[in-house]
Amino acid sequence: MAECVVVFRALAQGQFGRFGQGPRRNVIAGDTAHTVPYGLMSAGQMFAMKVKRFMHDHGVEQPALRAISLASYHHAQNNPRAVMYGRPLTEEKYDNSRWIVEPFHLFDCCLENDGAAAMVLVSAERAAEVEHAPCYLLGAVSGSHHRAGASVHNAPDYATSAFKTVAPRLYDMAGVGPDDIDVLQSYENFTGGVLMSIVEHGFCEPDGCNEFFVKDNLIAPGGKLPTNTSGGNLAECYMHGLGLNIEAVRQVRGASTSQVPDVDVSMVISGPMVTPVSCCIFGSEATL
């Protein structure tokens with residue numbers, strides 16, 4: 001129906017208030033009447049509840065979250081565009097950083113910054129004619145599980161990033177599985193959402209997180225699952241995750257600052273623990 005589509009995101013949060021702050025209002029009504037009076041106001045507080053439950057249920061320890069943050073900051077040091085370029089993160093610095101809300105330290109939380117990002121989508125036929133190596137959208141899905149929108153924290157499946165019903169549809173549409181994914185970009189509102197999303201997309205069993213989530217597994221070029229190779233929302237910039245989609249395309253084109261060799265299949269996971277969630281898979285010409 002359209003020959004050329006521009007997808008963009010632009011943020012100037014300073015004009016409208018920052019996402020990390022609790023709401024400032026005189027009247028509390030609707031869903032928030034069940035949470036705000038008890039101090040559950042910011043996104044960090046709301047998502048920490050789900051992550052803490054998942055960690056309790058499966059014995060996940062803090063170093064698993066730390067590894068995700070260390071990997072993002074590691075990749076940002078190769079990326080001159082990254083907000084955190086030249087500002088490396090160590091285990092000691094992470095451990096000594098202040099709590100925002102347990103289990104999230106300062107470095108478990110995404111950046112808040114102004115900026116813009118954009119992508120251009122055209123038909124496969126036209127993509128073959130442009131100067132860049134073509135990158136194809138193999139699949140894209142959006143949705144959530146039953147009662148995922150129960151924002152008063154009484155959803156029947158509570159400790160989830162909301163991809164359990166979405167991920168199988170994505171793999172079916174794209175014609176690939178977890179073992180085919182060469183590199184991953186996973187939206188970090190908080191590191192816990194990345195961990196739960198990776199589990200729900202079949203890369204790791206819930207009870208195996210402490211062994212899987214170590215820095216060496218998550219970094220390019222040779223990690224088991226190189227993740228957030230531009231620095232992601234934690235260390236490159238926060239454009240509501242569109243930067244992650246752009247980095248997924250760079251990996252297929254061979255143009256990333258933390259390039260994984262011979263990328264044919266590149267995945268993006270978007271918006272864990274919100275509703276609806278979404279995810280997509282990009283591929284090289286070899287995947288067609």
Side-chain angles (χ1 to χ4, degrees), residues 20 35 38-74 89-110 144-148 150-167 178 184-219 223-225 227-228 232-235 241 269-275 277 279:
T35 56
Y38 306 98
L40 197 65
M41 299 188 295
S42 71
Q45 292 168 327
M46 290 184 284
F47 293 149
M49 300 273 285
K50 296 175 182 287
V51 174
K52 194 72 173 177
R53 175 63 180 270
F54 183 91
M55 294 174 73
H56 170 80
D57 288 347
H58 300 288
V60 181
E61 299 173 356
Q62 194 70 35
L65 301 188
R66 182 179 65 194
I68 296 167
S69 186
L70 290 173
S72 290
Y73 274 77
H74 172 87
L89 179 64
T90 64
E91 290 187 4
E92 181 180 22
K93 187 175 180 180
Y94 173 95
D95 291 341
N96 291 335
S97 66
R98 69 183 185 272
W99 289 108
I100 301 303
V101 52
E102 293 188 40
F104 303 144
H105 280 277
L106 173 66
F107 295 105
D108 290 299
C109 305
C110 70
S144 289
H145 58 282
H146 172 60
R147 287 191 64 205
S151 56
V152 296
H153 293 265
N154 63 346
D157 187 5
Y158 185 65
T160 175
S161 60
F163 286 101
K164 292 180 181 178
T165 61
V166 176
L184 174 70
Q185 315 301 327
S186 181
Y187 190 113
E188 322 107 301
N189 36 26
F190 306 95
T191 54
V194 176
L195 183 144
M196 294 162 67
S197 297
I198 286 176
V199 168
E200 292 181 7
H201 282 80
F203 296 107
C204 170
E205 292 298 323
D207 294 335
C209 290
N210 294 322
E211 293 74 30
F212 183 89
F213 287 94
V214 295
K215 179 183 174 183
D216 286 349
N217 280 347
L218 303 177
I219 60 174
K224 183 180 295 186
L225 183 67
T227 300
N228 295 344
N233 293 335
L234 294 184
I269 299 173
S270 299
M273 299 183 287
V274 302
T275 190
V277 294
C279 43

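Computed from a prediction, not measured in an experiment: that's the story for all the values here.
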Minimum heavy-atom separation for G192 and L65, please, with both atom names.
CA-CD2, 3.7 Å
Measure across F163 and S270 and return the closest heavy-atom pair with its distance rounded to 0.1 Å.
CZ-O, 3.3 Å
Any side-chain heavy atom of T35 within less than 4.5 Å of one from Q45?
no
Stepwise side chain to side chain contact (heavy atoms under 4.5 Å, CB included) check, V277 with S161
CA-CA 8 Å; V277 294; S161 60; over 6 Å; no
Does the N210 side chain pair with the main chain of G59, one donor and one acceptor, at a distance under 3.5 Å?
yes
Is there a side-chain contact between E91 and L70, using heavy atoms and a 4.5 Å cut-off?
yes
Does the N189 side chain pair with the main chain of P272, one donor and one acceptor, at a distance under 3.5 Å?
yes
Quick check: does any side chain N or O of Q62 sit under 3.5 Å from a backbone N or O of P103, one acting as donor and the other as acceptor?
yes
Would you compute the distance between atom CE of M196 and atom CZ of F190 and round it to the nearest 0.5 angstrom?
12.5 Å
Side chain to side chain, M46 and L40, heavy atoms closer than 4.5 Å
yes
ring-ring contact (aromatic ring centres under 6.0 Å, His included) involving F212 - partner list, sequence neighbours excluded
none
Output for pair (L106 CG, Y94 OH), nearest 0.5 Å, gives 10.0 Å
Can you check whether R66's main-chain N or O pairs, donor with acceptor, with S69's side chain at less than 3.5 Å?
no
To the nearest 0.5 Å, what is the distance between CG (N228) and OH (Y187)?
12.0 Å
Roughly how far apart are E200 CD and I269 CD1, rounded to 0.5 Å?
9.5 Å
Check: N217 and L225 side chains under 4.5 Å, non-hydrogen atoms:
no
Run through D95, N96, L89 and flag the one making a side chain to side chain contact (heavy atoms under 4.5 Å, CB included) with E92.
N96
Checking side chain to side chain donor-acceptor pair (under 3.5 Å) between S144 and each of T275, T165, T160, which is the one that passes?
T275
Flag side-chain contact, heavy atom, 4.5 Å: H74 against L218:
no
Value rounded to 0.5 Å, distance of SG in C204 from CD in E211:
8.0 Å
Go through the steps to decide whether F47 and V101 satisfy the test side chain to side chain contact (heavy atoms under 4.5 Å, CB included), and finish with yes or no.
CA-CA 10 Å; F47 293 149; V101 52; over 6 Å; no
Closest approach of I100 to C109 (non-hydrogen atoms, all atoms of both residues):
CG1-SG, 3.8 Å
Side chain of E188, backbone of N233: donor and acceptor closer than 3.5 Å?
yes
Show your working on side chain to side chain contact (heavy atoms under 4.5 Å, CB included) between I68 and T227 and close with a plain yes or no.
CA-CA 8 Å; I68 296 167; T227 300; 5.9 Å; no
Kindly determine whether F213 and V60 satisfy side chain to side chain contact (heavy atoms under 4.5 Å, CB included), including the steps that lead there.
CA-CA 10 Å; F213 287 94; V60 181; over 6 Å; no
Rounded to the nearest 0.5 Å, what separation is found between the CZ atom of F107 and the OG1 atom of T191?
12.5 Å
State, to 0.1 Å, how close G202 and P178 come at their nearest heavy-atom pair, and which atoms those are.
O-CB, 3.8 Å
Please state whether the rings of H201 and F203 are parallel, tilted or perpendicular, taking 30° and 60° as the class boundaries.
parallel
Candidates R53, K50, H153 - the one meeting side chain to side chain donor-acceptor pair (under 3.5 Å) with Y158
H153
